[in-house]
Amino acid sequence: FEHEFPFGEHAVNASWVAVQELQKLGLGHDINLHVAEVPVEYQAVQSLLPSLWTQHLPQLVVHVGVSGMATTVTLEQCGHNQGYMRPDNCSFCPKSCCCLEGGPDCIHSVIDMDAVCKRVNSSGLGVSVSVSKDAGRYLCDYTYYTSLFLGEGRSAFVHVPPLGKPYSAEQLAQALRAVILEMLELMEHNKGKNHCLHDQ
């Protein structure tokens with residue numbers, strides 16, 4: 001299950017274009033891929049995400065966003081609850097500056113992003129993948145934390161660089177496909193094992 005949302009400062013949104021390319025590629029016959037666009041708005045995230053989780057009952061939700069600072073396809077390991085002081089596209093900012101009052105400071109994905117990164121980088125794909133533990137304390141991080149909370153860690157966030165810096169939409173889509181398939185394989189392999197989602 002694939003999510004995406006745009007950023008105003010990039011004329012062509014690399015993440016949305018890459019996700020649309022991914023939709024054309026598909027993930028194989030036995031995997032249903034649902035695509036949704038989520039606005040860069042705190043309140044939209046709070047209203048849309050719970051309905052998307054309940055509507056589709058996904059095994060995994062993967063969010064994709066563009067980062068002007070990224071030069072690799074970047075896998076985010078965790079989402080953060082505090083520090084949301086930047087206004088969104090509607091000039092709104094949460095009064096509490098947090099996603100979930102009383103929620104844990106950080107929620108980790110059940111997926112080991114380092115393992116996904118190593119597998120994809122050694123596959124000869126030609127797109128560089130890296131891991132980050134700071135999704136930026138803006139809508140990407142806010143969305144990721146909310147999704148990790150709703151899905152009990154069964155979520156991932158992938159930051160992609162702007163188009164042509166250095167990858168094309170087709171290359172980004174191929175990288176997303178490879179990353180998501182590795183994530184699903186890892187989740188299948190780890191079924192039944194206990195995961196610690198929250199920082200202790």
Side-chain angles (χ1 to χ4, degrees), residues 1-10 13 15-16 19 34-70 74-114 116 130-160 179-180 183-184 186-187 190-191 193-200:
F1 180 74
E2 181 76 28
H3 258 164
E4 196 301 278
F5 56 86
F7 280 97
E9 66 265 26
H10 300 288
N13 185 344
S15 52
W16 185 231
V19 167
H34 300 274
V35 173
E37 193 170 9
V38 181
V40 185
E41 298 162 22
Y42 294 107
Q43 289 166 309
V45 168
Q46 286 295 351
S47 60
L48 263 174
L49 258 60
S51 62
L52 287 166
W53 272 96
T54 52
Q55 182 186 347
H56 297 287
L57 301 172
Q59 182 186 352
L60 172 68
V61 173
V62 181
H63 301 273
V64 185
V66 66
S67 167
M69 295 181 295
T74 308
L75 314 180
E76 301 292 346
Q77 185 62 65
C78 50
H80 301 90
N81 193 20
Q82 311 274 351
Y84 297 95
M85 292 174 275
R86 282 175 64 195
D88 64 15
N89 284 359
C90 293
S91 303
F92 176 84
C93 191
K95 279 187 186 135
S96 61
C97 298
C98 77
C99 293
L100 181 70
E101 289 194 51
D105 284 346
C106 181
I107 305 179
H108 286 248
S109 174
V110 297
I111 297 159
D112 179 347
M113 298 302 172
D114 285 315
V116 174
S130 64
V131 177
S132 156
K133 290 188 174 135
D134 183 1
R137 299 304 202 288
Y138 190 46
L139 265 297
C140 292
D141 215 341
Y142 190 88
T143 301
Y144 193 21
Y145 182 93
T146 304
S147 196
L148 286 164
F149 181 80
L150 291 168
E152 299 178 338
R154 291 177 297 110
S155 185
F157 197 106
V158 183
H159 267 126
V160 297
V179 160
I180 293 166
M183 288 175 178
L184 289 169
L186 269 179
M187 285 180 77
N190 291 333
K191 255 187 188 170
K193 291 184 186 176
N194 287 328
H195 289 278
C196 177
L197 307 184
H198 299 174
D199 274 353
Q200 298 298 313

- request: Using atom types as modelled and distance alone, determine if a side-chain donor or acceptor of Asn81 lies under 3.5 Å from a backbone N or O of Cys98.
  value: no
Check: Asp141 and Tyr84 side chains under 4.5 Å, non-hydrogen atoms: yes
field: Val116 side chain near Val179 side chain, heavy-atom distance below 4.5 Å
entry: yes
Closest contact, heavy atoms only, Asp134 versus Ser132: N-OG, 3.0 Å
query: Is there a side-chain contact (heavy atoms from CB on, under 4.5 Å) between Val45 and Tyr144 once you walk through the steps?
result: CA-CA 10 Å; Val45 168; Tyr144 193 21; over 6 Å; no
- prompt: Going by atom types only, do Ser15 and Asn13 share a side-chain donor-acceptor pair under 3.5 Å?
  reply: yes
task: Flag the pair Asp88 / Pro39 as yes when at least one side-chain heavy-atom distance between them is below 4.5 Å, and no otherwise.
output: no
Side chain proximity check, Val110 to Asn190, heavy atoms < 4.5 angstrom: no
task: May I ask you to decide if Val61's main-chain N or O and Arg154's side chain share a donor-acceptor pair within less than 3.5 Å?
output: no
message: If I compare all heavy atoms of Pro50 with all of Leu150, which pair ends up nearest, and what's the gap?
response: N-CD1, 3.7 Å
task: Supply the atom-to-atom distance Tyr42 OH to Thr146 OG1, rounded to the nearest 0.5 angstrom.
output: 10.5 Å
- prompt: Between the side chain of Gln77 and the main-chain N/O of Ile111, is any donor-acceptor distance below 3.5 Å?
  reply: yes
query: CD of Glu76 to NE2 of His108: how many Å apart, nearest 0.5 Å?
result: 12.0 Å
query: Under the 3.5 angstrom rule, does the side chain of Ser109 hit a backbone N or O of Ser155 as a donor-acceptor pair?
result: yes
message: On a heavy-atom basis, which atom in Ile107 and which in Leu148 lie closest, and how many Å separate them?
response: O-CD1, 3.1 Å
query: Would you say the side-chain atoms of Ser91 pair up with the backbone N or O of Pro87, donor to acceptor, closer than 3.5 Å?
result: no
- request: Please list all pairs passing the side-chain hydrogen bond (donor to acceptor under 3.5 Å, both in side chains) test where one or both residues lie in residues 43-52, with sequence neighbours left out.
  value: Gln46-Tyr142
query: Quick one: are Met113 and Met183 in side-chain contact, heavy atoms under 4.5 Å?
result: yes
task: Take Glu37 and Trp16 through the test side-chain contact (heavy atoms from CB on, under 4.5 Å) and record every step on the way to the result.
output: CA-CA 8 Å; Glu37 193 170 9; Trp16 185 231; 3.5 Å; yes
task: Search all heavy atoms of His159 against all heavy atoms of Ala135 and return the closest pair with its distance.
output: CE1-O, 3.6 Å
query: Taking all non-hydrogen atoms of both residues, which atom of Arg137 and which atom of Gly83 are closest, and how far apart?
result: CB-O, 3.7 Å
Pairwise side-chain contact, Val40 with Tyr138, heavy-atom cut-off 4.5 Å (strictly under): yes
query: Tyr145: what forms a ring pair (Phe, Tyr, Trp, His ring centres under 6.0 Å) with it, not counting sequence neighbours?
result: none
query: Does the side chain of Ser147 come under 3.5 Å of the side chain of His63 through a donor N or O and an acceptor N or O?
result: yes
